[in-house]
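To keep things clear, I will list the structure first and then write my remarks on it.
Numbers here simply count residues along the sequence, with the first being 1.
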Amino acid sequence: MENPTTRKFPRTTREAFGMSAQDAQAIFCYRRPLHERALMWMFRWGWALAILAAILLTGCADEAPTWAADQANLADAIAQAAKEVGQ
């Protein structure tokens, strides 16, 4: 492992590898690649997506506007009954 420019063998790790142990930085946080994170997310939260897809595709979400209209009709009926009782 002779250095071709100086024609001598390295005596330290800094000479051999360009850095010593004191120069090296530890890896503080490893972040998985995006495709692995997406796959793990699907494994963790895929059941919720399946339930949401089932609700949306079966038409259960179509009842929300009619439910709001029914609530408005009920509020009108209560207000009308209160007027009739007050007269």
Note to self: Taking side-chain contact (heavy atoms from CB on, under 4.5 Å) as the definition, give me every residue that meets it alongside L34, ordered by chain and number, with sequence neighbours left out.
What the structure shows: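 Residues passing side-chain contact (heavy atoms from CB on, under 4.5 Å) with L34: R37.
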Item checked: Under the side-chain contact (heavy atoms from CB on, under 4.5 Å) test, residues paired with L52 that sit two or more places apart ->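 By the side-chain contact (heavy atoms from CB on, under 4.5 Å) rule, L52 matches L56.
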Checklist line | Heavy atoms of other groups near Q71 CD, more than 12 under 6.0 Å | finding: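 Correct, the count exceeds 12.
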According to a 4.5 Å side-chain heavy-atom criterion applied to Ile, Leu, Val, Met, Phe, Trp and Tyr, with indirect links allowed, do [X] and [Y] form part of one hydrophobic cluster?
{"X": "F43", "Y": "L49", "result": "no"}
{"X": "W45", "Y": "L39", "result": "no"}
{"X": "M42", "Y": "I51", "result": "yes"}

Item checked: Partners passing side-chain hydrogen bond (donor to acceptor under 3.5 Å, both in side chains) against R32 (at least two apart in sequence or in another chain) ->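 Residues passing side-chain hydrogen bond (donor to acceptor under 3.5 Å, both in side chains) with R32: E36.
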